[in-house]
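A short write-up of the structure that comes next.
Here is the naming used below: chain letters follow the sequence lines, and residue numbers restart at 1 for every chain. FYI, side chains are in, hydrogens and waters are out, and symmetry mates aren't considered; it's all heavy atoms of this structure.
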Amino acid sequence: MDSSTIINIQKKLLIWYRSNARSLPWRGLKDPYLIWISEVMLQQTQVETVIPYFHRWIDRFPDIKSVAYAPIDEILKAWEGLGYYSRARNIKKTAEIILSNHVGVIPSRPIDLIKLPGIGDYIAGAIASIGFGLDEPALDANGIRVISRLYDFHGLVNKVANKKILKENLRTLLPNGCAGDFNQAIMDLGSMVCLSANPDCESCPIQRECMAFSRNTQKDLPVGKARTKKPHFNVVAGIFEKNGKVLIGKRPTNGLLGGMWEFPGGKIEEGEDHNTALKRELEEELGVNIKLRDAFGEYKHAYTHFSVTVFTYFVEIVEGKPSAKVAEKIEWVDIRSLNDFPMGKVDRSISNDLQEKLDHASSVDSV
DNA sequence: TAGTCGTGGCT
DNA sequence: TAGCCAAGACT
């Protein structure tokens, strides 16, 4: 791409951005801490979902110190519903590192940022360019789509080497001193005009410079890899209910829903019925013999790589005292206070339904 | 490298 | 409806 074409792209995109930029709560903020938080929340998550979480977060955690000193359960509670909970755990880790190793100041250069937990190539570029005004590229999924089309690039974008090529292409496009706005212009263009399924090329400010448009290949780009079909699992979970309290466990720190609370249970193995599976799981997890009582609800949920149906039952201890054999810890909790414990979607649904059942029972009693 | 890690919205 | 996708990072 020659230098006059590059200058045209810079001018047209920045002008377009001035009048079409989305108005977002973190736009225009000068505090790199807030830029960092917004970028982490936006990872694999749509803008509309993030906005209310962002407001609540900066209200509760206005600065790095408040994050570093907060209990992990409070951090996870603020993150509940956003998913990818390692993001929240990594924010806390990084806040602690910044306090102890960087005198409380976020580093500005990508080379330093990328060493921090939860900050990868994209977020490092975003903080450097948007938060600190450095001339650094920030290439996200929108950018990958826009740049792939702009250069009519047909390499597989899952490949690290190909992503690097796209990033260097973006770097050559950056106007001096305006990298932050330019990066955001690319992202906004990708989210509003250069759409994945139906690109609106007629309203694109850089249609004339787009090599994919001139060859009519925009709908084939970017080239990605097809995902494999995801399996389904049937799961059982037990509700130990006693005197208005229930037993919940805190999942191990790492892995799926790490650090979140749940009702104990697990996968139904091949050939098992619900009764056998639940007795086995609760023996393994808590060291107790149980008896199944009434069935409660059935819960379906789709994760990224598999889906589940969770069958829940009220259970009763026949023998033994529950201990945390798998969970980080277990706790008997008042049903009314279940909301204080961070949970994933399924367990939150169970928890809400339990509270509703309790409300209904007490309203019947009072009649 | 390729699999893992949540959830909501859209088609 | 079942699958795809969204301001990615980590192992």
- request: Just jot down the ring pair (Phe, Tyr, Trp, His ring centres under 6.0 Å) partners of A:W57, sequence neighbours excluded, or say none.
  value: A:F61, A:W79
message: Expressed as a whole number of angstroms, how long is the span from A:M41:CE to B:dC5:P?
response: 22 Å
- prompt: What integer distance in Å separates A:L170:CG from C:dA7:C1'?
  reply: 13 Å
Set of salt bridge (charged side-chain N to carboxylate O under 4.0 Å, His left out) partners for A:D340, sequence neighbours left out: none
Salt bridge (charged side-chain N to carboxylate O under 4.0 Å, His left out) involving A:R251 - partner list, sequence neighbours excluded: A:E262
task: Under the ring pair (Phe, Tyr, Trp, His ring centres under 6.0 Å) rule, collect the residues that match up with A:W16, sequence neighbours excluded.
output: none
task: Taking the six-membered ring for Trp and the single ring otherwise, decide whether the centroids of A:H305 and A:Y303 are under 6.0 Å apart.
output: no
message: Within the 4.0 Å heavy-atom criterion, would you say A:I123 contacts the bases, only the backbone, or no part of the nucleic acid?
response: sugar-phosphate
field: Pairwise side-chain hydrogen bond (donor to acceptor under 3.5 Å, both in side chains) hits with a residue in residues 136-146 of chain A, at least two apart
entry: A:E136-A:R171, A:D140-A:N142, A:N142-A:R145
query: In whole Å, what is the span from the CD1 atom of A:I114 to the P atom of C:dG8?
result: 15 Å
field: Span that lies between the C1' atom of B:dG6 and that of C:dA6, in whole angstrom
entry: 12 Å
query: Checking all strands, does A:L24 fall into the base, sugar-phosphate, or nothing category for heavy-atom contacts under 4.0 angstrom?
result: base
- prompt: Can you list every side-chain hydrogen bond (donor to acceptor under 3.5 Å, both in side chains) pair that touches residues 322-333 of chain A, not counting sequence neighbours?
  reply: A:T253-A:E328
Closest-nucleotide ordering on DNA chain C, the 5'-leading residue of A:M187 and A:I119: A:M187
- request: Determine whether A:N8 and A:R208 make a side-chain contact, defined as any pair of heavy atoms from C-beta on separated by less than 4.5 Å.
  value: no
field: Whichever of A:N158 and A:T45 has its nearest DNA chain B nucleotide further upstream toward 5'
entry: A:N158
Atom NZ of A:K12 with >12 non-hydrogen neighbours under 6.0 angstrom: yes
Within the sub-3.5 Å range, which N or O atoms of nucleotides 8-11 of chain B have a protein N or O partner, and how far apart are they?
| residue | atom | partner | partner atom | Å |
| --- | --- | --- | --- | --- |
| B:dG8 | OP2 | A:K345 | NZ | 3.2 |

- prompt: What are the residues of residues 26-40 of chain A, sorted by number, that bring a heavy atom to within less than 4.0 Å of DNA chain C?
  reply: A:W26, A:R27, A:E39
query: Which part of the nucleic acid does A:V50 contact within heavy-atom distance under 4.0 Å: base, sugar-phosphate only, or nothing?
result: nothing
- prompt: Residues two or more places apart in sequence or in another chain: which of them pass ring pair (Phe, Tyr, Trp, His ring centres under 6.0 Å) with A:F54?
  reply: A:W26
task: Would you list the pairs meeting ring-ring contact (aromatic ring centres under 6.0 Å, His included) in which at least one residue belongs to residues 86-139 of chain A, sequence neighbours left out?
output: none
field: Nearest-angstrom distance from the residue atom NZ of A:K159 to P of B:dG3
entry: 11 Å
- request: Would you indicate, yes or no, if B:dT4 has its OP1 or OP2 atom less than 4.0 angstrom from a side-chain nitrogen or oxygen of A:Y303?
  value: no
- request: Remember a base hit wins even if backbone is also touched, and classify A:D121 as base, sugar-phosphate or nothing at under 4.0 Å, heavy atoms.
  value: sugar-phosphate
message: Counting the atoms with a prime plus P, OP1 and OP2 as sugar-phosphate, which does A:S191 contact under 4.0 Å by heavy atoms, base, sugar-phosphate, or nothing?
response: sugar-phosphate
Strand contacts (DNA chain B) in residues 130-157 of chain A, 4.0 angstrom heavy-atom criterion: none
- request: Can you sort out the partners of A:Y313 under ring pair (Phe, Tyr, Trp, His ring centres under 6.0 Å), two or more places apart, ordered by chain and number?
  value: A:H274
message: If I take atom NZ in residue A:K300 and atom C1' in nucleotide C:dA2, what distance separates them, rounded to the nearest angstrom?
response: 12 Å
message: Output the rounded distance in Å from CD1 (A:I91) to C1' (C:dC10).
response: 15 Å
task: Could you work out the separation of B:dG3 and C:dA7 based on their P atoms and round it to a whole Å?
output: 23 Å
query: Rounded to the Å, how far apart are A:Q44 CD and C:dA6 P?
result: 8 Å
message: Donor-acceptor check, side chain of A:Q355 to backbone of A:I335, threshold 3.5 angstrom: yes or no?
response: yes
statement: Whole-Å distance, A:D181 CG to C:dA7 P, equals 18 Å
message: Quick check on DNA chain C: between A:K93 and A:G190, whose nearest nucleotide comes earlier from the 5' end?
response: A:G190
